[in-house]
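Here is the structure we will look at, set down as structure tokens.
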Amino acid sequence: MSSNDQDHPASESIKAFSKAVRVPVAVARDFFKMEASGGIVLVIASVLALIVANSPLYSSYNYFLNEVHFHIGLTNIAGNNKYDFDKSILHWINDGLMAIFFFLIGLEIKKEVMAGELSSRERALLPAIAAVGGMAVPALFYWYLNIGDPEAMRGWAIPAATDIAFALGVLSLLGNRVPTSLKALLLGIAVIDDMGAVLIIAIFFSKGISLGALYFAAACFVVLAIMNKRGVSSIAPYILVTILMWAGFLESGVHATIAGVVAAMFIPLKCSKDPSKSPVKDLEHGLHPWVAFLVLPIFGFANAGVPFAGLTIEDLFNPITFGIAGGLFIGKQIGVFGLIFLTIKMGLSPKPDGANWYQLYAVSLLCGIGFTMSLFIGGLAFDSYETQAYVRLGVLTGSIASAILAYTILRYGPTNQVIEAKPQKA
């Protein structure tokens, strides 16, 4: 090809087009590598839900989620439907897709307990005590405001939850201003908080137990335990049995998402044939992008749509709304920071390396971001449209306030080096 051909306008156009395509692709690649990218996508999906819910599209949005049903019938050998699953789209999202999210939570819990931040008493004590305070005080805050209303009391656990993805996402936006020890502390608190949320869902939000389906789920549990004991390292058999166990839980009355957490406990931490490989870590890394960029955004879009028509300032002070928002924003920081302060001052656990009290207080605020888990528990606690609006308003208000104040303190507050330098100058 001659030089004239190379300089042809068509050739230049192709080069320009190629460059124009490469730049956004590279930007997208860098974005999805960010630790905070999943949280950003979840925020975008939730904001989009709010826009749709307050537009002429709301009736279609609500109809699609609540009135459109998807049916699955499982036929037994006798030829009749043994299990008949007829659920709305919203139920399939919250009971089906979210089981994958809870499976990922289970993998994270197992990894941290077996070989991570919760693998020893020294590492686990501070986040464990802080997590207990972070669940108890918000629940008591809500309980105090709603004690005279038995129906409203069903939501006591909503402000006790922490959204691990959002909280860690905010920290990741701050780069090296946040010491690694703080990230480890927040991860430990969030993981233990998730354990508590799973227990709450299993104990308090199970309805009309069907023993036959529960026995079937228990049989799947035994099969998973046997596979783990025999050193089965292949993921496929675990996934197959987990799906069957999920179906058993769904029919049993025990919330189906519990199947994900239970199954994750049996995934081997190390491969029996090659100890250098970890099925838990491999599966966690494989699932994470799907959960972060598909499962949680779909959940956020389906659950965050709050129509503001008819809502007033007074609704912010409705006992349910204020109990949730205040529990997340006020209760979390009192419970988490209060017990962190007492635990360190009593000498039960050292202060995290490189961290100061401002940063520890900001971490307690981050625990008040309850978005995903709080909305999920709220959906289990209440059925009515009006109450769901109060729940979503409270969760959004408390979570946003916690995130903004925590980010402000960590971004503009003093680092440990600044605090240590001041006494030296005096």
Side-chain angles (χ1 to χ4, degrees), residues 25-43 45 96-119 123 127 162-173 175 178 180 182-195 197-198 224 227-228 231-243 245-246 257 259-300 372-373:
V25 168
V27 171
R29 188 187 304 117
D30 291 340
F31 171 78
F32 286 114
K33 287 181 180 178
M34 290 171 52
E35 190 175 356
S37 58
I40 293 172
V41 172
L42 180 55
V43 168
L97 275 183
M98 287 301 283
I100 302 173
F101 168 69
F102 276 83
F103 183 63
L104 180 62
I105 284 179
L107 293 173
E108 292 173 345
I109 290 173
K110 178 164 186 173
K111 185 185 72 173
E112 295 303 324
V113 169
M114 299 296 292
E117 295 303 321
L118 306 177
S119 58
R123 289 185 174 186
T162 294
D163 190 311
I164 185 172
F166 259 140
L168 290 174
V170 172
L171 273 190
S172 70
L173 294 173
V178 178
T180 303
L182 271 189
K183 296 180 181 179
L185 175 63
L186 179 60
L187 177 62
I189 294 173
V191 167
I192 295 171
D193 189 287
D194 284 340
M195 292 184 196
V198 169
L224 288 171
M227 289 195 298
N228 179 275
V232 176
S233 300
S234 176
I235 297 299
Y238 289 100
I239 299 300
L240 176 60
V241 177
T242 297
I243 293 173
M245 184 166 66
W246 171 84
T257 53
V261 180
V262 171
M265 297 298 106
F266 294 103
I267 305 297
L269 184 64
K270 292 184 179 181
C271 178
S272 58
K273 297 179 180 178
D274 185 357
S276 65
K277 294 182 179 180
S278 173
V280 163
K281 293 180 181 179
D282 291 344
L283 196 51
E284 181 188 1
H285 292 156
L287 280 177
H288 186 270
W290 290 98
V291 170
F293 302 119
L294 181 65
V295 173
L296 290 183
I298 289 176
F299 172 83
T372 304
M373 290 297 290

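With a 4.5 Å cut-off on side-chain heavy atoms, T372 and M98 count as touching. Looking at heavy atoms from C-beta onward, F101 lies in side-chain contact with I105 at the 4.5 angstrom threshold.
Nearest heavy-atom pair across T242 and A263 is OG1-CB, 3.1 Å. Contact between L42 and G300 at its shortest, heavy atoms only, is CD1-CA, 4.0 Å. The two residues P279 and S233 have their closest heavy-atom pair at CG-O, 4.1 Å. The nearest pair of heavy atoms linking I267 to N228 is C-ND2, 4.2 Å. Closest non-hydrogen pair, P127 versus G188, comes out as CB-C, 3.6 Å. Here the closest heavy-atom approach between residue G106 and residue M265 is recorded as O-CE, 3.0 Å.
Taking NZ of K110 as the reference point, atom CD of E284 lies at 12.5 Å (rounded to 0.5 Å). To the nearest 0.5 Å, atoms CD1 (I192) and CD (E112) are separated by 10.0 Å. One finds the CD1 atom of I239 at 14.0 Å from the CH2 atom of W246 (value rounded to the nearest 0.5 Å). Summarising the geometry, atom CD1 belonging to I189 is positioned 12.0 Å from atom CG belonging to D194; distances are rounded to the nearest 0.5 Å. In this structure, L171 CG and L185 CG are separated by 9.5 Å, a value rounded to the nearest 0.5 Å. L104 CG to L283 CG: the interatomic distance, rounded to the nearest 0.5 Å, is 8.5 Å.
Checked against side-chain contact (heavy atoms from CB on, under 4.5 Å), V43 has the following partners two or more places apart in sequence or in another chain: V47, F166. Residues satisfying the side-chain contact (heavy atoms from CB on, under 4.5 Å) criterion with I298, sequence neighbours excluded, are I93, L97, L294.
Residue F103 forms a side chain to side chain contact (heavy atoms under 4.5 Å, CB included) with just one option from T257, L287, V261, and that option is L287.
Y238 places no side-chain N or O within donor-acceptor distance of the main-chain N or O of P268, the cut-off being under 3.5 Å.
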